[in-house]
There are 2 protein chains.
Amino acid sequence: MTDSGHDQRTETLQGPTPSAARDVIADGIDRDAIVTVYGRCTVDYDGRASSRLEAGDRHVMLKPDGAALVHTDEGQQPVNWQPPGCEHEVFCADGALVLESVRSTPDERLCVRFRDILQVSAFSGSDENDLALVGTEEDLRQRILEDPALLEAEFTPLATERDTPAGAVDIYGEDAAGRAVVVELKRRRVGPDAVGQLRRYVDALERDLHADAAVRGILVAPSVTDRASRLLTEHGLEFVSLEPPDE
Amino acid sequence: MTDSGHDQRTETLQGPTPSAARDVIADGIDRDAIVTVYGRCTVDYDGRASSRLEAGDRHVMLKPDGAALVHTDEGQQPVNWQPPGCEHEVFCADGALVLESVRSTPDERLCVRFRDILQVSAFSGSDENDLALVGTEEDLRQRILEDPALLEAEFTPLATERDTPAGAVDIYGEDAAGRAVVVELKRRRVGPDAVGQLRRYVDALERDLHADAAVRGILVAPSVTDRASRLLTEHGLEFVSLEPPDE
DNA sequence: AATTGTATGTCGAAG
DNA sequence: CTTCGACGTACAATT
């Protein structure tokens with residue numbers, strides 16, 4: 001029933017007894033392996049909300065950082081989960097295998113009870129490399145700082161992350177006429193929330209500078225929704241269409 | 001090397017050749033199984049953004065609905081993924097196993113190339129049961145409709161989901177003095193975005209009713225952040241602390 | 001630990 | 001199909 005990978009980096013049981021499964025899982029957790037269990041189970045969650053999932057075949061993954069994931073055959077999201085930082089426990093109760101992942105602040109508990117275990121695996125690997133991602137809001141900011149004319153002719157950036165009572169402004173600068181400009185960046189199409197954010201920055205800055213001249217607010221994004229567009233007009237704010245660089 | 005589960009619901013290979021892995025994976029995709037591959041791989045993504053992940057040991061899951069997930073040993077979120085609706089492909093190139101998941105609108109491609117395959121599995125199961133979740137915003141609304149006094153004495157609900165130009169209001173009603181009241185519900189602690197939403201509803205309704213009397217806006221949530229609290233005061237809005245029912 | 005803002009957010013419902 | 005708001009959002013940065 002036991003089958004070890006060619007270099008001991010995997011340990012797998014097919015159709016094991018609950019106690020055999022428990023031993024491999026406990027050892028896997030101990031060795032900081034990724035543990036997976038596939039089989040027929042019920043799932044209970046209690047914490048910020050509560051849920052119950054009746055019996056069905058699911059794939060459960062326990063990570064060494066304390067995360068737990070319960071996946072069905074549908075959806076990108078797990079049907080139940082637990083964030084990193086949990087304590088995983090495994091035991092047998094009434095002859096059934098039980099997995100529990102618990103955390104505090106807030107108190108949350110995830111409990112998976114198997115009535116049928118089809119397969120158990122423990123994967124011990126290593127992964128030193130981080131994800132390199134491009135096309136983010138930071139990339140968009142770089143693009144504008146390198147070529148401020150993209151925003152408008154004679155725009156001059158003066159600061160990034162400039163602090164205001166309403167939070168930090170993405171880009172702060174002045175236009176050809178020397179008026180203060182607040183720029184809010186979004187890497188994708190935006191809704192009303194971004195307009196509200198920009199509005200608060202502009203208000204805060206006008207109070208901060210206690211100047212008579214109005215502060216201009218410019219929202220930079222690939223596009224805006226209709227409702228957001230109307231809000232922009234209502235609040236006297238502007239919009240410039242720009243996308244993050246391709247690479 | 002091959003090991004079938006006791007009732008053919010699982011098929012697993014340990015340390016297979018790329019072509020043997022390809023055959024099991026292709027068959028699993030064909031049979032609408034959940035397919036998992038664990039091994040040393042590089043991952044490339046290109047679509048809304050772009051990313052590259054250099055070689056490391058990861059767990060890849062392909063779901064029959066078209067979702068793809070690449071998990072490292074850390075985090076609740078996959079390091080790379082593809083949403084449901086993709087087409088999975090598997091093939092060998094230069095003697096290496098390659099998985100590709102592609103979709104359109106938007107065009108996105110995820111490509112995983114294995115230089116070492118430690119284990120391949122295909123899980124054919126069934127899951128008829130849906131998740132039963134309690135403690136949601138809907139539960140909070142029910143609670144208030146059943147006992148409006150929780151909000152304030154002599155509050156009378158008149159409608160739920162009442163339409164305004166700014167969107168649908170959670171609960172619309174009137175107070176002891178007959179003034180219109182807009183109630184915005186949040187199941188957990190809220191920030192400035194919720195205040196902006198409520199403010200837009202109140203504005204829209206005041207215009208809609210073209211009445212002289214101001215419309216009251218009440219935010220109902222377990223608690224608010226500092227900044228949101230200040231915004232509420234600024235905008236003449238109110239706050240009532242209420243939590244969703246426990247069960 | 002609490003707060004804030006971003007996300008390849010994901011998801012579901014409605015137009 | 002797009003648009004919109006909710007989510008046990010997760011996550012990182014910052015206080």
Side-chain angles (χ1 to χ4, degrees), chain A residues 45-51 67 69-70 74-85 103-110 131 133-138 140-141 161 163 166-170 184-194 196-197 200-201 223-229 244, chain B residues 43-51 67-70 74-85 103-110 131 133-138 140 161 163 166-170 184-194 196-197 200-201 223-229 244:
Chain A
Y45 155 74
D46 193 64
R48 285 165 292 176
S50 295
S51 72
L69 305 166
V70 182
E74 289 185 342
Q76 169 181 341
Q77 296 301 128
V79 63
N80 274 117
W81 71 92
Q82 203 65 291
R103 71 160 172 167
S104 43
T105 53
D107 277 340
E108 293 195 295
R109 170 180 309 261
L110 181 68
L131 185 73
L133 183 67
V134 298
T136 63
E137 183 178 306
E138 174 58 26
L140 178 56
R141 179 165 67 173
E161 304 293 326
D163 244 348
V169 166
D170 285 335
E184 173 66 21
L185 305 174
K186 295 293 168 186
R187 65 172 305 284
R188 59 166 199 157
R189 185 174 176 80
V190 295
D193 52 335
Q197 207 181 326
R200 291 197 296 276
Y201 291 151
S223 65
V224 287
T225 65
D226 255 13
R227 195 165 287 173
S229 178
Chain B
V43 186
D44 286 278
Y45 155 75
D46 193 64
R48 288 164 290 177
S50 296
S51 72
L69 306 166
V70 182
E74 288 184 343
Q76 169 184 338
Q77 292 304 124
V79 64
N80 275 115
W81 70 91
Q82 203 65 290
R103 72 160 172 165
S104 43
T105 56
D107 277 340
E108 291 196 296
R109 171 181 309 260
L110 181 68
L131 184 73
L133 183 67
V134 298
T136 64
E137 184 177 304
E138 173 58 27
L140 178 56
E161 303 295 325
D163 244 350
V169 167
D170 284 335
E184 173 66 21
L185 305 174
K186 295 292 169 189
R187 64 172 307 284
R188 58 168 201 156
R189 185 173 176 82
V190 297
D193 52 334
Q197 209 180 325
R200 292 196 296 276
Y201 291 151
S223 64
V224 287
T225 64
D226 255 12
R227 194 165 287 174
S229 178

Charged N-O contact under 4.0 Å between A:Arg188 and A:Glu137: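 Salt bridge: no.
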
Between [X] and [Y], what is the shortest heavy-atom contact and its length?
X: B:Ser51; Y: A:Leu133; result: CB-CD1, 3.7 Å
X: B:Thr225; Y: B:Gly191; result: OG1-CA, 3.7 Å
X: B:Gln76; Y: A:Pro84; result: N-CG, 3.9 Å
X: B:Ala49; Y: A:Gly135; result: CB-O, 4.5 Å
X: B:Ser223; Y: B:Arg189; result: OG-NH1, 2.9 Å

Look at all strands and tell whether [X] reaches a base, only sugar-phosphate, or nothing, counting heavy atoms closer than 4.0 Å.
X: B:Pro106; value: nothing
X: A:Glu108; value: base
X: B:Gly167; value: nothing
X: A:Asp193; value: nothing

Grab the [atom1]-[atom2] distance between [X] and [N] for me, whole Å please.
X: A:Glu138; N: C:dT8; atom1: CD; atom2: P; value: 13 Å
X: B:Arg188; N: C:dA2; atom1: CZ; atom2: P; value: 14 Å
X: A:Glu184; N: C:dT4; atom1: CD; atom2: C1'; value: 12 Å
X: A:Arg189; N: C:dT8; atom1: CZ; atom2: P; value: 19 Å
X: A:Glu161; N: C:dT4; atom1: CD; atom2: P; value: 16 Å
X: A:Asp163; N: C:dT4; atom1: CG; atom2: C1'; value: 12 Å
X: A:Gln77; N: C:dC11; atom1: CD; atom2: P; value: 5 Å
X: B:Leu69; N: C:dT8; atom1: CG; atom2: C1'; value: 13 Å

Along DNA chain D (nearest heavy atom to each residue), the more 5'-positioned of A:Gln82 and B:Ser104: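 Nearer the 5' end of the strand: B:Ser104.
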
Which residue lies more 5' along DNA chain D, comparing A:Pro84 with B:Glu137 via nearest heavy atoms: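 Its nearest nucleotide being more 5', the pick is B:Glu137.
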
Of the options C:dC11, C:dT4, C:dT8, whose atoms approach the side-chain atoms of B:Thr225 most closely?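 Per side-chain heavy atoms of B:Thr225, the pick is C:dT4.
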
Would you mind telling me which residue lines up with the more 5' stretch of DNA chain C, A:Leu131 or B:Ala228, judged by nearest nucleotide?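 Its nearest nucleotide lies further toward 5', so the answer is B:Ala228.
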
Take B:Asp226 and A:Thr105, find for each the nucleotide of DNA chain C with the closest heavy atom, and name the residue whose nucleotide sits nearer the 5' end.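 Mapping each residue to its closest nucleotide by heavy atoms, the 5'-most match is A:Thr105.
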
Just to verify, what does B:Arg48 make a side-chain contact (heavy atoms from CB on, under 4.5 Å) with, not counting sequence neighbours?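 Partners of B:Arg48 by the side-chain contact (heavy atoms from CB on, under 4.5 Å) criterion, ordered by chain and then number, come out as B:Tyr45, B:Trp81, B:Arg103, B:Pro106, B:Glu108.
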
For the atom pair CD (B:Glu184) and CG (B:Asp170), what is the distance rounded to the nearest 0.5 Å?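 With rounding to 0.5 Å, CD (B:Glu184) is 4.5 Å from CG (B:Asp170).
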
Check this one for me: any side-chain N or O of A:Gln76 less than 4.0 Å away from OP1 or OP2 of C:dT10?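 Answer yes for this pair, as a side-chain N or O of A:Gln76 is under 4.0 Å from OP1 or OP2.
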
Quick check on C:dG5: is either OP1 or OP2 less than 4.0 Å from any side-chain nitrogen or oxygen of A:Tyr201?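 Yes.
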
In whole Å, what separates the P atom of D:dG8 from that of C:dG5?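 Nearest-Å result for D:dG8 against C:dG5 at atom P: 22 Å.
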
Whole-angstrom distance between C:dT4 and C:dT8, as gauged at atom P: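 Looking at atom P only, C:dT4 and C:dT8 are 22 Å apart.
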
For a 4.0 angstrom threshold against heavy atoms of chain A, report the outermost contacting nucleotides of DNA chain D in 5' to 3' order.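 Nucleotide range with atoms under 4.0 Å of chain A: D:dT3 to D:dC11.
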
